[in-house]
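Right, one structure below, let's go through it.
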Amino acid sequence: ATGLTSSPSPTVQLDSAEFATGHYVDRLFPDDASLEGVDVAAENLRRRLQVVTQDIRQLLRAQSNDNNKQQAQNLEATKAAIGELYTRISEMKAKARTSERMVLDITQDIKSLDSAKRNLTHTTTTMKRLQMLIGAVGQLRHLKEQSKYYEASQLMQAIGGLREGFADFGRVRQIAALHENADALQRGLASQAFQEVERGFDSQGMLVGDARVMRDACLCAQASLGDEQRDKFVAFYCDLQLRAYSAIFQLNDDVSQLENISRRYAWLRRILRNYSDDHAAVFPEKWRVGEALSRRFSEATRDQLGEIMATREDIGVEHLMSALSDTLAFEAQCNKKFAIVAKSTAGDESLEPLVAAAHVYEDSGEPAVTFTGAISCAFEPYMSIFIRGEHVKFDEMIRKFQREPVSIDNDPSLSVLASSTDLLYQFRESLRQCASLSTGQPMVDLSQVFSQCLCNYARDVLVHKLPRITSSSTTALDDLKNISLIVNTADYCASVVGQLEQKVVEKVGSEFKEKVSFTACREALLTSINTSIRALVAGVET
């Protein structure tokens, strides 16, 4: 105990980082006698613990006070730094605004200079174009006085390009006056060019002027007033050439009747040949004057034929069909001559072929109007004459077949009556001819004629020719053979009716397809089959 209170060694050991408890206790109590001071030593250690604890508390208080002071100092330093940073940022913003104003001032000056340069360039260009336009208008007036149409046509194209640059200067009085002056010159040139072409043809439509000068006049007129002036020139030429047509083919003359329709087309061919030889050099090729002349001829012919057929009551089928055949041939020749072809629209199966066909010029691919139907459409209201004629022809065939015996009608190379193949062949030819004329209501009417004639054939020929076999018949085997032929014929006709109906539906217009029906004749043929089979069974039984 005495050593614990007086010796510094244990205290030093207690403060040492290498303190060892067992070694320290051994030094305090080296022998058994020293164990008597255990209580004293424990008390000393408690007091020492209290002292150390008090020291630690004091140190902690002192350190806490130091930390608070340090934190306050750090906070003040942070506030000062933030204030300094804010001041610097404000200064940078102020400098940035100053720089921005300087840049804006510089760019504004640049923009002003650029606008001034652009306006100056535009003004200079406009003044040059105005000077060119004034000079071109003056030169155009000079060319008009000298009747130099080709040079004037070229100059007017240049004037048109120059005038486009002054489209927004209409309120400037001088420029507006210049425009009016140019328009007046162009109108005057167009009128002068038209008079030049008028003087180039005599009253009979013969060329008496210089073809080259007249062609230049045509180009000049189109350059001045565009397609409207071109149409005026073409209309003048067509009227001049067709004046003789109206005089030759008058409504009530014999030469104008249907039976002489080929003379009309021969007249136009002569006019077109004269145009190709003498007049084609007058008009630009792009104007297609020959085609325009043919179209005007087609319109006049169509109207006149319509009046002729409307006033005649004795139109013969032969004359009607002959005139229609010549007309269709003429229309096909026109399409070929002017290279007009049909280009079918791909991918649209819902349209009919004639509807889906887009006609174009074969050489350029530009859209064109076909001549098909240009004149032949006048015949469509009178197709009933053709239908009646076909009906009469079929009825006569059926009456002829009815009068002939089966032995004459029997073709050894066929298993059916030859009359059926003859009748159906005439049906096909009639359908082909009608399809070339019309695919509308006349074709529906023709299909009804087919159906009715097949009904008559089944009743008046097939059933009518069925022999009656009795027990006393000496030609029973031949009669059975004839009945078998009639059965085969009725069955053959019934099968062909479906094909015929399908063919008619393919050719007729879409709005008429539902009107095509062969139900009646199909039932009549099935009835004739049943009747023939019953006769055959009865004959075998007999």
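Since we're looking at a predicted model, the values are computed, not measured. Values below: all heavy atoms of this structure, side chains included; hydrogens, waters and symmetry mates excluded.
- Of the possible donor and acceptor atoms, none in the side chain of K148 sits under 3.5 Å from a partner among the backbone N and O of L143.
- Considering only residues two or more places apart in sequence or on other chains, R522 meets the salt bridge (Lys or Arg N to Asp or Glu O under 4.0 Å) condition with E501.
- For N119 (side chain) and S115 (main-chain N/O), a donor-acceptor pair under 3.5 Å exists by modelled atom type.
- Counting only distance, with no hydrogens or angles, the side chain of T527 and the backbone of E523 share a donor-acceptor pair below 3.5 Å.
- Counting heavy atoms from C-beta outward, R432 and R428 have side chains that stay 4.5 Å or more apart.
- Residues passing the salt bridge (Lys or Arg N to Asp or Glu O under 4.0 Å) test with R302: none are found, sequence neighbours excluded.
- Distance check, rounded to the nearest 0.5 Å: CD1 of I261 to OG1 of T327 gives 3.5 Å.
- Looking only at distances, a side-chain donor or acceptor of T121 sits under 3.5 Å from a matching main-chain atom of K117.
- F194 pairs by the ring-ring contact (aromatic ring centres under 6.0 Å, His included) definition with F233, F236, not counting sequence neighbours.
- Residues F297 and I271 have side chains not in contact (no heavy-atom distance under 4.5 Å, counting atoms from C-beta outward).
- Side-chain contact between Q448 and K515: absent, with no pair of heavy atoms (C-beta onward) separated by less than 4.5 Å.
- Between F386 and Q433 the shortest side-chain heavy-atom distance falls below 4.5 Å.
- Expressed to the nearest 0.5 Å, how far CD of E291 lies from CZ of F371 amounts to 5.0 Å.
- Counting heavy atoms from C-beta outward, V444 and Q441 have side chains that approach closer than 4.5 Å.
- Taking the salt bridge (Lys or Arg N to Asp or Glu O under 4.0 Å) definition, one finds that E331 meets it with nothing, sequence neighbours left out.
- At a threshold of 4.5 Å between non-hydrogen side-chain atoms, the residues S415 and Y492 do not count as touching.
- Under the ring-ring contact (aromatic ring centres under 6.0 Å, His included) criterion, F512 pairs with no residue at all, not counting sequence neighbours.
- Screening residues 368-380 for salt bridge (charged side-chain N to carboxylate O under 4.0 Å, His left out) gives no qualifying pairs among residues at least two apart or on separate chains.
- Of the N and O atoms on the side chains of N335 and T370, at least one donor lies less than 3.5 Å from an acceptor on the other residue.
- Between the side chain of Y382 and the backbone N or O of A310, at least one donor-acceptor pair lies under 3.5 Å.
- A donor-acceptor pair under 3.5 Å is absent between the side-chain atoms of S325 and the main chain of M321, judged by distance alone.
- Pairs of residues two or more places apart, or lying in two chains, that qualify as ring-ring contact (aromatic ring centres under 6.0 Å, His included) and include a residue from residues 420-442 are F394-F427, F427-F450.
- Summarising the geometry, atom CG belonging to D460 is positioned 11.5 Å from atom OG belonging to S528; distances are rounded to the nearest 0.5 Å.
- At least one side-chain heavy atom of R141 sits under 4.5 Å from a side-chain heavy atom of N181.
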Please set out all donor-acceptor pairs under 3.5 angstrom arising from side-chain atoms of residues 278-290, sequence neighbours excluded.
| unit_1 | atom_1 | unit_2 | atom_2 | d |
| --- | --- | --- | --- | --- |
| H279 | ND1 | Y237 | OH | 2.6 |
| W287 | NE1 | Q222 | OE1 | 2.8 |

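- For S147, the side-chain contact (heavy atoms from CB on, under 4.5 Å) partners are Y149, Q192, not counting sequence neighbours.
- Applying the salt bridge (charged side-chain N to carboxylate O under 4.0 Å, His left out) rule to pairs touching residues 230-248 yields D227-R230, D239-R296, sequence neighbours excluded.
- At a threshold of 4.5 Å between non-hydrogen side-chain atoms, the residues S419 and Y457 count as touching.
- Side-chain polar atoms of T301 and Y265 form no donor-acceptor pair below 3.5 angstrom.
- For the atom pair CD of Q452 and CG of L454, the computed distance is 10.5 Å after rounding to the nearest 0.5 Å.
- Note that the CG atom of L525 and the OG atom of S420 stand 10.5 Å from one another [nearest 0.5 Å].
- For the atom pair CG of L140 and NZ of K144, the computed distance is 9.0 Å after rounding to the nearest 0.5 Å.
- For the 3.5 Å distance criterion, the side chains of Q304 and Y245 fail to qualify, holding no donor opposite an acceptor.
- Pairs of residues two or more places apart, or lying in two chains, that qualify as salt bridge (charged side-chain N to carboxylate O under 4.0 Å, His left out) and include a residue from residues 256-270 are E259-R312.
- Remark: side-chain polar atoms of S191 are not paired, donor with acceptor, to backbone N or O of G188 under 3.5 angstrom.
- For D202, there are no side chain to side chain donor-acceptor pair (under 3.5 Å) partners, not counting sequence neighbours.
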